[in-house]
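I have placed the structure first, in the form of structure tokens, so that the comments after it can refer back to it.
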Protein chains: 2
Amino acid sequence: MASVTLSDVAREAGVSLATASRAINGSANRTVRPELRDRVLAAAAALHYSPDANAQAMARGRTTTLGLIVHDIADPYFSSIAAGVTTAAERAGLMVTLASTGHDPEREIAFIEVLQSQRARAIVMAGSRIEDETVNDRLRAALSAYRAGGGAVAMIGQPLFDVDTVAIENTAGAADLAVALHAAGYRRFAALAGPAGHLTARDRMEGFAAGLASRGAALAPEHIMRSAFTRDGGYEGMRELLDSGAAVDVVLAVNDVMAVGAMAAARDAGVTVGTGIGIAGFDDIVTLRDVTPSLTTVRVPLLQVGATATELTLGEPAAEPRLERVASTVVLRDSTPPRA
Amino acid sequence: MASVTLSDVAREAGVSLATASRAINGSANRTVRPELRDRVLAAAAALHYSPDANAQAMARGRTTTLGLIVHDIADPYFSSIAAGVTTAAERAGLMVTLASTGHDPEREIAFIEVLQSQRARAIVMAGSRIEDETVNDRLRAALSAYRAGGGAVAMIGQPLFDVDTVAIENTAGAADLAVALHAAGYRRFAALAGPAGHLTARDRMEGFAAGLASRGAALAPEHIMRSAFTRDGGYEGMRELLDSGAAVDVVLAVNDVMAVGAMAAARDAGVTVGTGIGIAGFDDIVTLRDVTPSLTTVRVPLLQVGATATELTLGEPAAEPRLERVASTVVLRDSTPPRA
DNA sequence: GTCTTGATGGTAAGCGCTTTCACCACCTCG
DNA sequence: CGAGGTGGTGAAAGCGCTTACCATCAAGAC
């Protein structure tokens, strides 16, 4: 409680407050005689002095905090990004303040405001935006208020706002996947497209459709199932698809977690994944690399995405919002064996 | 940059600093005339005032930060705990500061010191301790320095330090699992025991052995494989076990991630998981619920563990360190079908 | 009518640090 | 041998808030 302050240290060392501060932090253009410095350091150690970061932040006018806002930290997609962010932040001497919004844009906005209060140096926001201009406008307002206060922002996802963005190549990756599947002999396609208005899902769907089109194939509208962007959403979508009796060779789930749900649904329906029906996902979640049959997917380097976003906020602020594109690569595995 | 301060708001509203502060925060035993309060609030809104949390922390002498220290945020075990912590923290009006140590105890200590500097209200530490008294002593010292400053601490794991602890019933759960497997007809046991000195792994192993003993069975020392507490560790351990030609019915991996690695190794060796060899894990990681065959495991309510630990730090500090035991429950699935 | 009170508003004293000045020795040259 | 540096040190002014502590005023209490 009665924590020791810098003045205590100064008194103990028999120097002024100013000298103590300089000795401990090594001031920019002032030096302290080695002998004095040692005395201060010794006193600090003896008293177990721990500088008050809040006071320092206040005096220096800048903090050492970086805010990370994700939809759901328990989701492997986001926790991988978080790992990248914490690593890069630590490298830069920043602590990460984590906010998990549970997919609620209102809480996203609220957290931006809290982080603004904390005078966080930067905010990294991950997670797909949605198509709701009312909400997006408020988000935009919150972000620009934050930036007006000198904060840096990087988004991971769609380049929707005027801020630095790390964009994952959802469209291109999905197109590549479509082409690869077509090349493997698949002809009748379906998709678990996620919820309407979900931009990441939409991009992946568009890419997939475009890829198919480039090979002269197509995705029938009745083969596009809409459901939640979750494991259970994948399960539901797949069940409905199978129930509909649609004749389909392969189905794309717009993320790995949905794909795994879809695999479970197929199994429960007695359909063999792979030889019976192909299933492909997106993200290449590490934890899911060992499902059987192994899942065809599009790899997204999530740790790197997190690190890149963090670094984007750390450098000089650019005049123009920067756009960092992160390539995604198709990984064909056993869930979509070559079709004879 | 030139962020607006409370004095700006006060001037704009034509009141004193004190009144502005009281109007905005609703002081404890002071009231502000509604008319004035509205004027202040209006001014604050007009100027886009955002209180400076650092200054508030400094003036109030207490922050609204809770520190969370985990080994690896990308690990589903920890990210689930983190989800529980963020939820509980938000309920209490706290922001979570996340530190991911990469299993390095030195960084654990360093982060405790940083959190102490930030004057975080509480620290939740998750992750197995190791048997290294030198390191543990330093950790203990760092924690007690932090607590001397008024901070609360809760650990998730072994009740090793004199702090509130949420202990997962590793021993009992593993014993239950052993009994259940024995009852299912398994007789020849092996284990992927994780690294030596890893306390969680050790507890699980001891529980497993005890459970077997209670049924008159035993775990042959040569069937205990030591490897990393990771997916790859599980793979390696399993491969060695299979290579050794040991005659085994079922193998316990001390966590789910290792179990999944073991399943992969079995598959690669042409051994059928389930009918060929049983495999069981521990934790019941959500993301892994859909692996095939579905994994027998011991469920640990990780979200709840995180929430409980958080709540432990929030209430009145207890004279005695509290110990909250969280039950774990056996979940038998297809990776260990009943043995005829 | 005077005296208490309770409700309000303002003044000013910090909270623990950093940093600008001012000041003081000493040096180094011309 | 004085002018003009040059390191080193300390005093003190904040940083943006909260919160005693006072001062004021109107409404009741006697």
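All values below come from the heavy atoms of this structure, side chains included, with hydrogens, waters and symmetry mates left out. Chain letters run A, B, ... following the sequence lines, proteins first and then strands; every chain starts at 1.
- Whole-Å rounding puts the Gln118(A) CD to dC15(D) P distance at 21 Å.
- The interatomic distance linking Arg62(A) (CZ) with dT18(C) (C1') rounds to 10 Å, in whole Å.
- The phosphate of dG16(C) (OP1 or OP2) has no side-chain N or O of Gln56(A) nearer than 4.0 angstrom.
- Closest approach to the Ala18(B) side chain among dG10(D), dA12(C), dG16(D) is made by dA12(C) (side chain taken as heavy atoms from C-beta onward).
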Query raised in the report: Does the pair Glu113(B) and Arg107(B) meet the rule for a salt bridge (Lys or Arg N to Asp or Glu O under 4.0 Å), with working shown?
Result: CA-CA 10 Å; Glu113(B) 283 162 4; Arg107(B) 287 168 67 198; over 6 Å; no

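- Nucleic acid contact for Asn25(A): sugar-phosphate only, since backbone atoms but no base atoms lie under 4.0 Å from a heavy atom of the residue.
- Taking each heavy atom of Thr165(A) and Leu312(A) in turn, the nearest pair found is O-CD2, 4.1 Å.
- Across the protein-nucleic acid pair, Asp52(B) atom CG and dC15(C) atom P stand 18 Å apart, rounded to whole Å.
- Of the residues listed (Arg129(B), His103(B), Arg138(B)), the one engaging Glu108(B) in a side chain to side chain donor-acceptor pair (under 3.5 Å) is Arg129(B), and it is the only one.
- Checking dA12(D), dT11(C), dG16(C) against every side-chain atom of Ser16(B), the shortest atom distance belongs to dT11(C).
- Note: CZ (Arg60(A)) to C1' (dT20(C)) measures 16 Å, nearest angstrom.
- Note on Thr5(B): only backbone sugar-phosphate atoms sit closer than 4.0 angstrom, heavy atoms only; bases stay farther off.
- Taking atom CZ on Arg119(B) and atom C1' on dC17(C), their separation rounds to 11 Å, with Å as the unit.
- A residue-by-residue look at Val32(B) and Ala55(B) shows that Val32(B) has its nearest nucleotide of DNA chain C further toward the 5' end.
- In this structure, of dC22(D), dT19(D), dA11(D), it is dC22(D) that holds the atom nearest to the side chain of Arg30(B).
- Salt bridge Arg39(A)/Glu12(A): absent, no basic N to carboxylate O contact under 4.0 Å.
- In this structure, of dT8(C), dC17(D), dG14(D), it is dC17(D) that holds the atom nearest to the side chain of Leu17(B).
- Of all heavy-atom pairs between Ala74(B) and Ala83(A), the closest is CB-CB, 3.8 Å.
- Rounded to a whole Å, the CE atom of Met58(B) is 6 Å from the P atom of dG16(C).
- Regarding Leu6(A), its CG atom lies at a distance of 20 Å from the P atom of dC15(D), rounded to whole Å.
- In this structure, Ser21(A) does not reach the dC17(C) phosphate: none of its side-chain N or O atoms is under 4.0 Å from OP1 or OP2.
- Taking only side-chain atoms of Arg33(B), from C-beta outward, the nucleotide of dG16(C), dT19(C), dG9(C) with the closest atom is dG9(C).
- For Arg22(B), the side-chain atoms get nearest to dG9(C) when compared with the rest of dG9(C), dG10(D), dC15(C).
- The CZ-C1' distance, from Arg37(A) to dG7(D), rounds to 14 Å in whole Å.
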